[in-house]
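Single-structure report; data block below.
Here the structure is a predicted model, which is why all the values come from computation and not from measurement. Each chain gets a letter, A, B and so on, in the order its sequence line appears, and its residues count up from 1.
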Number of protein chains: 2
Amino acid sequence: MERLLQSVKIAINEKIYVKDPESSDLGKRIIEESILMIYDMGFESFTFKKLGIKIGSNESSVYRYFENKHKLLLYLTSWYWGWLEYKLVFATNSITNPKEKLTKAIEIVTKAIAQDSSFSHINEVILNKTIINEYSKSYLTKEVDAENKEGYFVIYKRLINRISEMISFVDVDYKYPSSLASTILEGSLHQYFLRDHFISLTDCHQDGEATQYFLHLVFTSLKG
Amino acid sequence: MERLLQSVKIAINEKIYVKDPESSDLGKRIIEESILMIYDMGFESFTFKKLGIKIGSNESSVYRYFENKHKLLLYLTSWYWGWLEYKLVFATNSITNPKEKLTKAIEIVTKAIAQDSSFSHINEVILNKTIINEYSKSYLTKEVDAENKEGYFVIYKRLINRISEMISFVDVDYKYPSSLASTILEGSLHQYFLRDHFISLTDCHQDGEATQYFLHLVFTSLKG
DNA sequence: TAATATATGATAGTATTGCTATTATATTTG
DNA sequence: CAAATATAATAGCAATACTATCATATATTA
């Protein structure tokens, strides 16, 4: 994904931020460091004050980019899903065979993340781990319906829908394409979490096993 | 489940509470009302001060039962999984045919919850909804490994293991029994969440459809 | 180059949260 | 009835999640 994507920018719903963090150096450092800090200390302990100190800036300056840390989490997750979506479309676009296409999609979505040098200030490996630990907290809130209406989850929904469509292309008669697509994405994050914290609850211990598990799950369920 | 279970008590790891809430009237009201309040206002907005006011008691009195609201959440989730485990064992114990047994287990675990009058102070219907919204927050923390060592998640792990074993009984050669069991439990909660908040991401809109989805998913994946 | 707009930094202040500690008052039990 | 125990009331404290104001640095443009 190196040189090809130099000019690609993941488009995030403008209501999520006050000022676009991509528009300044400080903004980029906010994104860069918040990913690392949330990974290190967990979302609960993370504060804008601590972030300000870490980036050699000020709490009040961070507030000029994001209203609160929940919005920052929404930004990070949206960016992640946008980035995954890009990789998915890029890798599957040229494939015409439905089974092959879905296989590729599942691989992209369930495989461990490797560093991507296209977006220099974002560490995708750490972001992926942060997403595994914190993603659910972005929607397990009382505000989820209001925020959904505002379009804060469009990228995620679009990604699930793309996979859902690929599933239906393999088997038009399958009754649960959206549920299955959701299970793949959410379930894959969960398998990685289990691997790190509840080893006895998963069988996906080696690299690539989560992918094998989901490929088997999906293709035995689909006809055709 | 009426009369039969009158004397059954769900056994919770004693380290989770300071004083057993089952041991007093105040304790039971703490459990009863906290379920309703967390459901109504969400875990983030819920505080012991508010709970004290609601039950006509005092913040300091609540602290005599639970160190903090995280521990209370651990208690509620442990209770829920213990209750589900009981229902599962009760319903599947007499079944010898492996497929039938697993089918029953999946039904128990994925079906919408009906009121159970066995535990008068606990509203299982609301508790189930609270678990759907808040369960992940009990383990998506920086303390998860330490708390796991303390045994705070034993009931959940035992429940997953029971299902995992039932899966292996149907198909000894299946390589991912634990992953699949985890997917069923976690995935089922997620499908219910999607049904309430992201309808386009699930196909399980009617009662019983989640069960059908998982039954299909599981039995197409297993041989024998 | 001066005037002005814009971004950032520093400091202060406020309500709420998440507790701990102390003391007072019920209630139960011996 | 005394003693133990449970609960209630109040105070207090450090941290969080902001908001507001003012100062200063940097960039733009007239």
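A donor N or O paired with an acceptor N or O is not found under 3.5 Å between the base of dC18(D) and the side-chain atoms of Glu67(A).
Following rounding to the nearest Å, Leu72(A) (CG) and dA17(D) (P) show an atom-to-atom distance of 12 Å. As a whole-Å value, the separation of His70(B) NE2 from dC19(C) C1' is 16 Å. Phe48(A) has its CZ atom 14 Å from the P atom of dT16(D), to the nearest Å. Atom CD1 of Ile55(B) is separated from atom P of dA9(D) by 12 Å (rounded to the nearest Å). One atom, CG of Leu26(A), and another, C1' of dA27(D), lie 16 Å apart when rounded to the nearest Å. In this entry the distance linking CG of Asn58(B) with P of dG18(C) reads 16 Å, nearest Å. Between the CD1 atom of Ile53(B) and the C1' atom of dA9(D) there is a distance of 13 Å, rounded to whole Å. Look at CD on Glu44(B): it is 16 Å from P on dT16(D), rounded to the nearest Å.
The side chain of Lys50(A) has dT16(D) as its nearest neighbour among dG9(C), dT16(D), dT8(C). When distances run from any side-chain atom of Ser61(A) to the nucleotides dT8(C), dC18(D), dT7(D), the shortest one goes to dT8(C). For Asn68(B), the listed nucleotide lying nearest its side chain is dC19(C); candidates were dT11(C), dC19(C), dC18(D). Checked against dA20(D), dC19(C), dA9(D), the side chain of Tyr63(B) finds its nearest nucleotide in dC19(C). Between dG9(C), dA7(C), dA8(D), one nucleotide has an atom nearer to the side chain of Lys19(A) than all others, and that is dA7(C). In this structure, of dA17(D), dC19(C), dT7(D), it is dA17(D) that holds the atom nearest to the side chain of Glu59(A). Considering only the side chain of Lys69(A), dA17(D) comes nearest among dT10(D), dT8(C), dA17(D).
A salt bridge does not link Asp40(A) to Lys50(A): none of the charged side-chain nitrogens sits closer than 4.0 Å to a carboxylate oxygen.
Figure legend: cation-pi geometry between Lys142(B) and Tyr39(A), with NZ or CZ positioned under 6.0 Å from the six-membered ring centre and within 45° of its axis.
Counted within 6.0 Å of CG on Leu36(A), heavy atoms from surrounding residues, nucleotides or ligands total more than 12; the atom is thus considered enclosed.
Aromatic ring centres of Tyr156(A) and Phe198(B): separated by at least 6.0 Å.
The side chain of Tyr65(A) places no N or O atom within less than 4.0 Å of a non-bridging phosphate oxygen (OP1 or OP2) of dA7(C).
Exactly one residue among Phe153(B), Tyr75(B), Tyr135(B) makes a ring-ring contact (aromatic ring centres under 6.0 Å, His included) with Trp81(B). That residue is Tyr135(B).
Nearest-nucleotide mapping onto DNA chain D: of Ser60(A) and Ser45(A), the residue sitting toward the 5' end is Ser45(A).
Residue contacts shown for Phe66(A) are absent, as no nucleic acid heavy atom lies under 4.0 Å away. Heavy atoms of Thr47(A) sit under 4.0 angstrom from primed sugar atoms or phosphate atoms, though from no base atom.
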